[in-house]
Protein chains: 2
Amino acid sequence: MAAYTLPKKIAARQHEITADFLMVIDRHLADLLAGRVTEMYEIRDIADELHIHPTHLSNTIKLTTGQAPCYFFEEKIMTIARSMLTDPQQSVASIAAILTFDPSNFTKFFKRFQGVTPKQYREEYWRAEREKTEMLTI
Amino acid sequence: MAAYTLPKKIAARQHEITADFLMVIDRHLADLLAGRVTEMYEIRDIADELHIHPTHLSNTIKLTTGQAPCYFFEEKIMTIARSMLTDPQQSVASIAAILTFDPSNFTKFFKRFQGVTPKQYREEYWRAEREKTEMLTI
DNA sequence: TTAAACGGAAACTGTCACCATAGCCTAACC
DNA sequence: GGTTAGGCTATGGTGACAGTTTCCGTTTAA
């Protein structure tokens, strides 16, 4: 009997793929923000990096999470976009550029998920901030 | 070896869509002429009826026939228009109305395909008819 | 020997950019 | 007065392309 057994497989291959996928997009987005890359990954690029077929990636992510790969990618991009919009120094166009959108598409993309345009989102954010400050000073 | 095989699929899904598309526009135009409907179908309406995406409809028709969906739609409308114009009772404007055009656009539409305006077409048609009759009476 | 992993074709959904033109009005022309 | 042309703008259709889903065939490992 072997005294040492391999650690029990916590995740099946499916979950390994899912975890790897999430790591890859996190790393890629970090690279994008740091300016180390300037092109947005496509699903094909991620599948290539994981050495599996794009269709198989799509199927596996959907199977383990109930959501398609794009969902997570887009969610993370939205989180970054919202965060950058709270910085009044950055123009909407420059944020769009960093996220590899052309300005027009960035607005469409953002509005589709957030319901409001980037500019509206920024304005509402600062209005809310001002109200908070007033609460303190009164 | 199976003695009975299913009949070989003659038409792939693509051809099924194409056939259905042609049926739908035929039926719709018949409805229009009979006054059962007064609005011209758009590609979206046909796609809805076939339960597929408009883009997919467009791409599939183009793939199987080499022509875009509009081509067939417009061809059939032109056939109807030419036929109605041979009836001297119907004014050009009333024909336009039945085909859901405003008079000005109908002329433009007709000329684009036929090279001549509706009125010219009608006149040439009757001139040709008269010549035929003269041939007989001489 | 069988169930998961994987490859891959085909059908389908969806977005975007481009542009021809329908729609609408006015004006000109038989 | 019915027909046609001109001019403007909003928009529908298209073609290209990315992604998803379904389905099935192979391989692989237990």
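Computed from a prediction, not measured in an experiment: that's the story for all the values here. Every chain is numbered from 1, with letters handed out A, B, ... down the list of sequences.
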Give me the residues of residues 44-59 of chain B where at least one heavy atom lies under 4.0 Å from an atom of DNA chain C, by number, or none.
-> His51(B), Ile52(B), His53(B), Thr55(B), His56(B)

Tell me which residues in residues 101-108 of chain A put a heavy atom below 4.0 Å from DNA chain C, sorted by number, or none.
-> Asp102(A), Asn105(A), Lys108(A)

Within this structure, what is the [atom1]-[atom2] distance for the pair [X] and [Y], rounded to the nearest 0.5 Å?
X: Leu32(A); Y: Arg27(A); atom1: CG; atom2: CZ; result: 11.5 Å
X: Gln114(A); Y: Glu124(A); atom1: CD; atom2: CD; result: 9.5 Å
X: Asp20(A); Y: His15(A); atom1: CG; atom2: NE2; result: 12.5 Å
X: Arg82(B); Y: Ile95(B); atom1: CZ; atom2: CD1; result: 12.5 Å

Residue pairs involving residues 83-106 of chain A (criterion side chain to side chain donor-acceptor pair (under 3.5 Å); sequence neighbours excluded) | Gln90(A)-Ser94(A), Ser91(A)-Ser94(A), Asp102(A)-Asn105(A)

Keeping to residues at least two apart or across chains, list the side chain to side chain donor-acceptor pair (under 3.5 Å) pairs with something in residues 62-71 of chain B.
-> Thr18(B)-Thr64(B)

The answer to which of Thr60(A) and Lys119(B) contacts DNA chain C further toward the 5' end, by nearest nucleotide, is Thr60(A)

Kindly say if [X] contacts the phosphate of [N], meaning a side-chain N or O under 4.0 Å from OP1 or OP2.
X: Gln14(A); N: dA4(C); value: no
X: Arg13(B); N: dA10(C); value: no
X: Lys62(B); N: dT14(D); value: no

Checking all strands, does Ile61(A) fall into the base, sugar-phosphate, or nothing category for heavy-atom contacts under 4.0 angstrom?
-> nothing

Nearest-Å distance, [atom1] ([X]) to [atom2] ([N])?
X: Glu74(A); N: dT20(D); atom1: CD; atom2: C1'; answer: 12 Å
X: Glu16(B); N: dC12(C); atom1: CD; atom2: C1'; answer: 13 Å
X: Met40(A); N: dA18(D); atom1: CE; atom2: P; answer: 15 Å
X: Gln120(B); N: dT4(D); atom1: CD; atom2: P; answer: 7 Å
X: Leu63(B); N: dG13(D); atom1: CG; atom2: P; answer: 20 Å
X: Phe21(B); N: dG13(D); atom1: CZ; atom2: P; answer: 10 Å
X: Phe110(B); N: dT3(D); atom1: CZ; atom2: C1'; answer: 14 Å
X: Tyr41(A); N: dA18(D); atom1: OH; atom2: C1'; answer: 17 Å

Judged by nearest nucleotide, the residue sitting upstream toward the 5' end of DNA chain D, Cys70(A) or Ala93(B), is Ala93(B)

If you group Ile, Leu, Val, Met, Phe, Trp and Tyr whenever their side-chain heavy atoms sit less than 4.5 Å apart, what else falls in with Trp126(A)?
-> Tyr125(A)

Basic-acidic side-chain contact under 4.0 Å: Glu131(B), Arg127(B) = yes

All pairs passing salt bridge (charged side-chain N to carboxylate O under 4.0 Å, His left out) where residues 103-120 of chain A contributes a residue, at least two apart | none

